Participant: 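Sending over a structure as structure tokens; questions will come in a sec.
Since the structure is predicted, the reported quantities are computational estimates derived from the model, not experimental observations.
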Amino acid sequence: MIYFKLIFVSFILFTFSTKASDVQIIELHKNKSLDQLVLEKENNENEEGNEKNTINTKDDNNIVEESDIVEDDSNLDNIDDQNINTESADEQIVYIENETFFDLDNSLISIHLETLKNIKSNILHREFINILASINLEDENIYSEKVYFAIKKLYEMGEIKKAYKLVTKINLESANINKKNLAFFYLIKLNYLYSSYKLSEVCNLRLFLLEQSINLPKNLLQKSDIFCLTLENKFSEAKLLNSLLVESEAITDQNFQKLFNFMLLSEKNTSFIPLANIQSKELVFLYSAMLRINELPLDKDFIELDPINLSIPVILSESTSMAIRIKAAHRAYDDGLISINSLSALYQSVDFSSNQFDDPEKTISSINDNELIMAYYYQLANIQIFPDERIDVILKFFDFAKKSGLENIAYAVTEKIIETFTPTAENSQMGIEIAYANIANNNFDNALKWLNLYELNNSKDLKIDYAKFLIDLNQDDNLNTVINFLSDGNFNFDQISTQSAQESFQVLIDFLKIQNISNKNFKYSNILDDRVMPSYFLMNDIKRNILEDNDLTVFILSLISMQNKNWTELHPEHLILTLQAMNLYNNGSLKKQITIEILNELKIF
């Protein structure tokens with residue numbers, strides 16, 4: 001029971017047998033390349049204010065011609081009309097009635113939020129990003145340190161695209177922007193262009209920045225100049241500038257030198273030594289662009305350093321190993337950066353031989369990467385002709401995915417296959433598994449069909465009640481669904497094994513006002529609690545702002561108090577106060593999601 005519950009909660013939080021004559025092998029993405037599918041989601045978003053993003057240079061002769069730069073823009077074509085002007089769910093604007101970001105106390109931002117590095121709650125992390133990305137920059141007179149902080153924090157948290165969007169709304173010629181902030185804003189523009197592989201715009205921007213004598217960290221501007229000169233086949237000038245760069249650097253950037261020297265080679269058959277110690281976020285986007293333009297592989301270090309912005313370059317790099325590309329695709333899908341169609345197209349592109357499909361057990365045992373096994377199962381399921389054999393492969397696929405923590409991906413990528421299955425008496429015993437998959441894909445009508453069939457012979461199976469609860473939870477945004485489930489005792493108290501977990505659960509039960517679950521069920525032996533409390537002043541500050549209905553301040557203060565902690569790691573008194581704060585924030589809009597997240601940590605869901 002616990003196992004199945006753990007499978008589905010992460011999906012909830014982020015919300016999102018056939019007749020022989022009907023069997024057909026599913027062909028996907030027949031008319032689109034992998035590059036087009038991967039880039040489709042980003043390109044379909046409505047980019048506002050493009051005219052404002054144009055760099056005005058005084059000398060048109062300095063502008064790099066599009067034809068001078070080797071850049072593949074063909075992937076930007078053939079966009080589906082139905083997806084135009086859509087935004088991903090995590091980019092929804094946050095509307096807060098009582099306060100705006102600019103109402104926050106200066107010291108709260110400059111002293112406390114500056115140190116906020118690790119928000120363990122996915123719900124609060126996502127909400128914080130939305131708050132920063134949604135600040136209103138229509139008034140030119142508000143370009144204060146608060147704006148700089150919001151953009152800087154987005155950049156630090158890996159949200160370079162959102163940071164870039166805010167920068168494009170700022171008049172960078174305004175006298176209200178100090179030199180340090182201006183340089184940082186241009187750093188974001190340049191690195192965003194690198195991350196999106198818009199090399200023509202990179203080289204245009206670098207000319208403008210050189211003309212304006214903008215100083216960027218890690219000699220990024222000078223290295224960009226050398227890179228662009230190399231793309232323009234101006235090798236002598238590039239070599240000269242590079243020799244000056246090497247002389248000026250206290251510590252030579254060996255990674256840049258490796259890439260630059262490789263670009264100068266007339267023959268590209270020389271082996272390339274992979275980059276090492278990639279730790280500079282200011283330079284990693286330049287490195288990735290240089291690797292891509294030279295068709296060199298990007299390794300997993302790029303995903304680990306900045307998974308949000310570098311996953312797609314890794315996915316599109318044909319010289320990168322397929323296992324790493326799929327790992328990047330899994331991360332990108334989880335982060336909402338690519339669609340399931342893009343992921344399934346990547347699965348389909350893995351080259352397995354016919355002999356490997358003849359003996360699946362032997363093949364799977366010989367593959368060392370979980371990512372490649374996921375692709376293998378997907379292809380194996382698609383080539384099955386008979387319904388019972390296809391269902392058997394799908395169930396094995398699901399079982400493997402669960403053990404690898406990839407079950408939601410397996411459910412999503414096989415949705416079209418699952419839709420071809422018809423509930424029958426012969427396949428009724430696998431009904432619960434197919435039902436869970438349909439629930440994960442929001443196909444609730446199909447899920448109920450399989451559940452009803454399974455229930456005929458398994459009426460006492462608790463997994464049925466839980467599956468129906470999941471359906472209700474997804475269809476109804478009311479917290480009462482969760483409260484009723486808990487009130488009905490649809491869980492075992494023995495699941496909450498430690499006293500600290502029991503105390504966290506009791507705090508949540510009291511918060512939800514569930515009367516029939518009493519703390520008499522719990523026995524305690526520990527008299528002292530080693531969970532650290534926030535400072536007295538911070539706790540009082542939260543309490544005072546709750547009384548004054550300052551909901552955004554309360555939210556930010558609560559984030560600060562929870563830094564580096566999960567919900568169940570909070571002292572009970574701290575958890576009580578934080579739940580009160582979240583009940584106030586934005587009229588309790590996060591209450592249901594937070595409740596589910598806490599129950600997930602407690603292993604109840």
Participant: I need the I324 CD1 to L298 CG distance, nearest 0.5 Å.
Facilitator: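 Between atom CD1 of I324 and atom CG of L298 there are 9.0 Å.
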Participant: Can you tell me how far the OG atom of S196 sits from the CD atom of E201, to the nearest 0.5 Å?
Facilitator: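 These two atoms lie 7.0 Å from each other.
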Participant: Do any N or O atoms from the side chain of D335 and from the backbone of L337 form a donor-acceptor pair under 3.5 angstrom?
Facilitator: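 Pair absent, no side-chain N/O of D335 close to backbone of L337.
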Participant: Output, in order, the C-alpha distance, side-chain angles, deciding distance and verdict of ring pair (Phe, Tyr, Trp, His ring centres under 6.0 Å) for Y347 and Y378.
Facilitator: CA-CA 7 Å; Y347 279 177; Y378 177 70; 5.7 Å; yes
Participant: Show your reasoning for whether side-chain contact (heavy atoms from CB on, under 4.5 Å) applies to T424 and N427.
Facilitator: CA-CA 5 Å; T424 65; N427 57 33; 3.2 Å; yes
Participant: Do NZ/NE/NH1/NH2 and the carboxylate oxygens of E601 and K120 come within less than 4.0 Å?
Facilitator: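 Answer for the salt bridge query: no.
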Participant: State, to 0.1 Å, how close I418 and A437 come at their nearest heavy-atom pair, and which atoms those are.
Facilitator: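 Residues I418 and A437, closest heavy atoms: CD1-CB, 3.6 Å.
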Participant: T363 and Q356: which non-hydrogen atoms are nearest, and at how many Å?
Facilitator: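 Closest pair (atom of T363, atom of Q356, distance): OG1-O, 2.6 Å.
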Participant: Please examine the side chains of S224 and L190, heavy atoms only from C-beta on, and report whether any two atoms are closer than 4.5 Å.
Facilitator: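 A side-chain contact exists here, since the closest heavy-atom pair is under 4.5 Å.
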Participant: Find the distance between NZ (K152) and CD1 (I188) and round it off to the nearest 0.5 Å.
Facilitator: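 It comes to 10.0 Å.
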Participant: How many angstroms lie between CD1 in I434 and CD1 in I391, if you round to the nearest 0.5 Å?
Facilitator: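 I434 CD1 to I391 CD1: 6.0 Å, rounded to 0.5 Å.
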Participant: Do M263 and L231 have side-chain heavy atoms sitting under 4.5 Å apart?
Facilitator: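 When only atoms from C-beta onward are counted, L231 and M263 do touch, with a gap below 4.5 Å.
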Participant: Regarding K449 and D445, does a basic nitrogen lie under 4.0 Å from an acidic carboxylate oxygen?
Facilitator: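 Answer for the salt bridge query: no.
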Participant: Taking NZ, NE, NH1 and NH2 as the nitrogens, is one of them in D399 or K403 under 4.0 Å from a carboxylate oxygen of the other?
Facilitator: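 Salt bridge flag = yes for K403 with D399.
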Participant: Please test F227 against L199 for side-chain contact (heavy atoms from CB on, under 4.5 Å), starting from the C-alpha separation and ending with a verdict.
Facilitator: CA-CA 10 Å; F227 176 47; L199 301 187; 4.3 Å; yes
Participant: Are N443 and Y411 linked by a side-chain donor-acceptor pair shorter than 3.5 Å?
Facilitator: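 Short answer, no.
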Participant: Is the number of heavy atoms from other residues, nucleotides or ligands under 6.0 Å of E282 CD greater than 12?
Facilitator: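 Correct, the count exceeds 12.
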Participant: Is it true that a side-chain atom of N458 and a backbone atom of Q429 form a donor plus acceptor pair closer than 3.5 Å?
Facilitator: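 A pair under 3.5 Å: no.
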Participant: Begin with the C-alpha distance, continue with both residues' side-chain angles, and end with the deciding distance and a verdict on side-chain hydrogen bond (donor to acceptor under 3.5 Å, both in side chains) for S339 and S342.
Facilitator: CA-CA 5 Å; S339 68; S342 302; 3.3 Å; yes
Participant: Run the numbers on N191 and Y194 for side-chain contact (heavy atoms from CB on, under 4.5 Å), then give the verdict.
Facilitator: CA-CA 5 Å; N191 272 338; Y194 271 129; 3.9 Å; yes
Participant: So, do T320 and D299 sit near enough that their side-chain heavy atoms are less than 4.5 Å apart?
Facilitator: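 Counting from C-beta outward, T320 and D299 never come under 4.5 Å.
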Participant: May I have the step-by-step check of side-chain contact (heavy atoms from CB on, under 4.5 Å) for E407 and Y436, ending in yes or no?
Facilitator: CA-CA 10 Å; E407 60 275 4; Y436 277 134; over 6 Å; no
Participant: To the nearest 0.5 Å, what is the distance between CG on L346 and CG on N341?
Facilitator: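 Between L346 CG and N341 CG, I get 12.5 Å after rounding to 0.5 Å.
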Participant: Please check this pair: side chain of K592 against backbone of L473, looking for a donor-acceptor N/O pair closer than 3.5 Å.
Facilitator: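 Looks like yes, one N/O pair under 3.5 Å.
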Participant: Would you call E597-R126 a salt bridge at under 4.0 Å N-O?
Facilitator: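 So E597 does not pair with R126 through a salt bridge.
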Participant: Is there a donor-acceptor pair under 3.5 Å between the side chain of S319 and the backbone N or O of E295?
Facilitator: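 Yes.
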Participant: With under 30° as parallel and over 60° as perpendicular, where do the rings of Y376 and F357 fit, or are they tilted in between?
Facilitator: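 Parallel, since the angle between the ring planes stays under 30°.
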Participant: Around D358, counting heavy atoms of other residues, nucleotides and ligands shown, do more than 12 lie under 6.0 Å from its CG?
Facilitator: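 Yes.
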Participant: Inspect the surroundings of NZ in K362 and state if more than 12 heavy atoms from other residues, nucleotides or ligands are less than 6.0 Å away.
Facilitator: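 Atom NZ in K362 is not packed in, count stays at 12 or less.
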Participant: Could you tell me whether the side chain of Q379 and the main chain of V350 form a donor-acceptor pair under 3.5 Å?
Facilitator: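 Answer holds: yes.
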Participant: Is there a side-chain contact between I598 and N566 (heavy atoms, below 4.5 Å)?
Facilitator: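 Heavy-atom side-chain distance check fails, nothing below 4.5 Å.
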Participant: Would you say the ring centers of Y164 and Y192 fall short of 6.0 Å from each other?
Facilitator: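 Y164 vs Y192: aromatic centres under 6.0 Å.
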Participant: Between K402 and E433, is any pair of side-chain heavy atoms under 4.5 Å apart?
Facilitator: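 Yes, at least one pair of side-chain atoms sits under 4.5 Å.
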Participant: With the side chain counted from C-beta on, respond yes when M430 and Y454 share a heavy-atom pair under 4.5 Å apart, and no when they do not.
Facilitator: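 Sidechains of Y454 and M430: no contact.
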Participant: Mind listing the closest non-hydrogen atom pair of V314 and R325 along with its distance?
Facilitator: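 Nearest heavy atoms, V314 then R325: O-CG, 3.3 Å.
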Participant: Determine whether I409 and D334 make a side-chain contact, defined as any pair of heavy atoms from C-beta on separated by less than 4.5 Å.
Facilitator: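 When only atoms from C-beta onward are counted, D334 and I409 do touch, with a gap below 4.5 Å.
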Participant: I need the minimum non-hydrogen distance between A329 and L343, along with the two atoms involved.
Facilitator: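 Heavy atoms of A329 and L343 come nearest at CB-CD1, 3.6 Å.
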Participant: Salt-bridged, E156 to K153, with N to O below 4.0 Å?
Facilitator: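 Yes, E156 and K153 are salt-bridged.
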Participant: Does the S365 side chain pair with the main chain of E361, one donor and one acceptor, at a distance under 3.5 Å?
Facilitator: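 Yes; at least one donor-acceptor contact below 3.5 Å.
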Participant: Do K327 and N370 have side chains that approach each other closer than 4.5 Å (heavy atoms only, starting at C-beta)?
Facilitator: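 The answer is no, as the side chains (C-beta and beyond) never meet within the 4.5 Å cut-off.
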Participant: I'd like to know if the side chain of D225 reaches the main chain of L221, judged simply by a donor and an acceptor atom lying under 3.5 Å from each other, with no hydrogens or angles considered.
Facilitator: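 No, because the side chain of D225 does not come within donor-acceptor range (under 3.5 Å) of the backbone of L221.
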Participant: Can you tell me how far the CD1 atom of I471 sits from the OG1 atom of T481, to the nearest 0.5 Å?
Facilitator: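 Reported to 0.5 Å precision, the distance equals 12.0 Å.
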Participant: Taking all non-hydrogen atoms of both residues into account, name the closest pair between K218 and K223 and its distance.
Facilitator: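 Scanning both residues, the minimum pair turns out to be O-NZ, 3.1 Å.
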Participant: Parallel, tilted or perpendicular, judged at 30° and 60°: which one describes the rings of F256 and F260?
Facilitator: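 Aromatic pair F256/F260 classed parallel.
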Participant: Which atom names give the shortest non-hydrogen contact between R331 and P307, and what distance separates them?
Facilitator: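 The pair with the smallest heavy-atom distance is NH2-CG, 3.3 Å.
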